[in-house]
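Notes for the one structure printed next.
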Amino acid sequence: MDNTSIITQVANPKEEEIISSSQEKVSQSNSSLKKHRSRSIFSPFFCCFRNYNVEPPAPNNKPCALPPPAEENGSPPKCDQVQVIPIPNSPAKYLLPEVSINEYSKNCVVIDLDETLVHSSFKPISNADFIVPVEIDGTVHQVYVLKRPHVDEFLQKMGELFECVLFTASLAKYADPVADLLDQWGVFRARLFRESCVFHRGNYVKDLSRLGRELSKVIIVDNSPASYIFHPENAVPVQSWFDDMTDTELLDLIPVFEGLSRESEIYTMLQNLRAR
């Protein structure tokens with residue numbers, strides 16, 4: 001393990017890490033989305049992934065806004081293979097609770113944590129914003145957390161415009177206390193961790209169809225393309241961040257999200273942005 005890695009697997013801490021130094025190419029369709037901003041929003045840095053050459057599941061021929069939840073270790077069901085029959089008093093077990101009345105008309109934004117909002121390390125950081133103790137295999141380790149520039153402004157604006165969900169492939173024992181310190185305004189209406197991911201071909205994938213929201217109203221913000229391999233058309237990819245205090249990625253994204261918050265469905269605007 002290098003000095004920038006944080007172990008997140010409790011059962012066997014040597015197997016998995018919150019942070020690794022591997023980088024991967026991004027698909028051509030996503031790369032065009034970054035062109036409307038002066039700074040690149042790619043160069044993904046993978047967190048908690050073993051296999052970076054991930055192929056998405058075969059595309060469906062029929063649109064599926066709210067399919068039944070996928071199996072934890074399987075691909076999401078195809079719409080033409082599933083017949084949804086509503087059963088009284090037997091709601092589907094989606095990851096999110098029913099949307100509140102106050103946010104019923106809002107789109108949903110799913111936001112990643114590591115290398116998107118913060119960077120964490122076992123190595124002491126002199127200017128760390130937080131120091132979080134994490135118990136791993138009976139030993140307490142100090143995790144040094146650095147906030148990405150403009151993260152406070154970004155989160156406050158997201159809380160005003162969207163129903164916000166934190167979704168990370170890290171373990172809750174690390175990510176939950178970091179979120180407590182990071183989100184001082186109660187922006188995140190829900191927090192989802194590794195156990196809510198689908199393990200697909202060696203990767204922890206965030207299957208948006210399991211949220212319980214209309215997919216045409218869901219946006220995912222993440223630095224890892226493998227995280228949203230099931231729904232790349234819903235993604236606003238961001239550049240991985242480590243310690244560049246001149247970074248303006250989150251600040252530059254605010255006007256984009258102000259526009260997305262006014263859309264009745266997000267696909268058209270995201271497609272237009274990719275075409276630029």
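Values in this document were obtained by computation on a predicted structure and should not be read as measured data.
A donor-acceptor contact shorter than 3.5 Å is absent between the side chain of Lys157 and the backbone of Leu251.
Contact check for Leu155 versus Phe188: side-chain heavy atoms found under the 4.5 Å cut-off. Val110 has its side chain out of reach of Ile219: every pair of non-hydrogen atoms, C-beta onward, lies at least 4.5 Å apart. The shortest side-chain heavy-atom distance between Phe193 and Asp176 falls under the 4.5 Å cut-off.
A side-chain donor from one of Ser170 and Asp114 sits under 3.5 Å from a side-chain acceptor of the other. Of the N and O atoms on the side chains of Tyr144 and Asp129, not one donor lies less than 3.5 Å from an acceptor on the other residue. Remark: the Thr168 side chain and the Tyr174 side chain contain no N/O donor-acceptor pair separated by less than 3.5 Å.
Residues passing the side chain to side chain donor-acceptor pair (under 3.5 Å) test with Asp180, sequence neighbours excluded: Arg191.
Screening residues 256-266 for side chain to side chain donor-acceptor pair (under 3.5 Å), with sequence neighbours left out, gives Glu265-Thr268.
A salt bridge links Arg213 with Glu163; the closest basic N to acidic carboxylate O contact falls under 4.0 Å. Comment: Arg148 does not engage Asp244 in a salt bridge, judged by the lack of any side-chain N to carboxylate O separation of less than 4.0 angstrom.
The aromatic rings of His119 and Trp241 sit perpendicular to each other, their planes meeting at more than 60°, with 30° as the lower class boundary.
In the hydrophobic clustering (ILVMFWY side chains linked at under 4.5 Å, chained through shared members), Val140 stands by itself.
Under the 4.5 Å side-chain heavy-atom criterion for grouping Ile, Leu, Val, Met, Phe, Trp and Tyr, Leu253 is connected to Val109 within one hydrophobic cluster.
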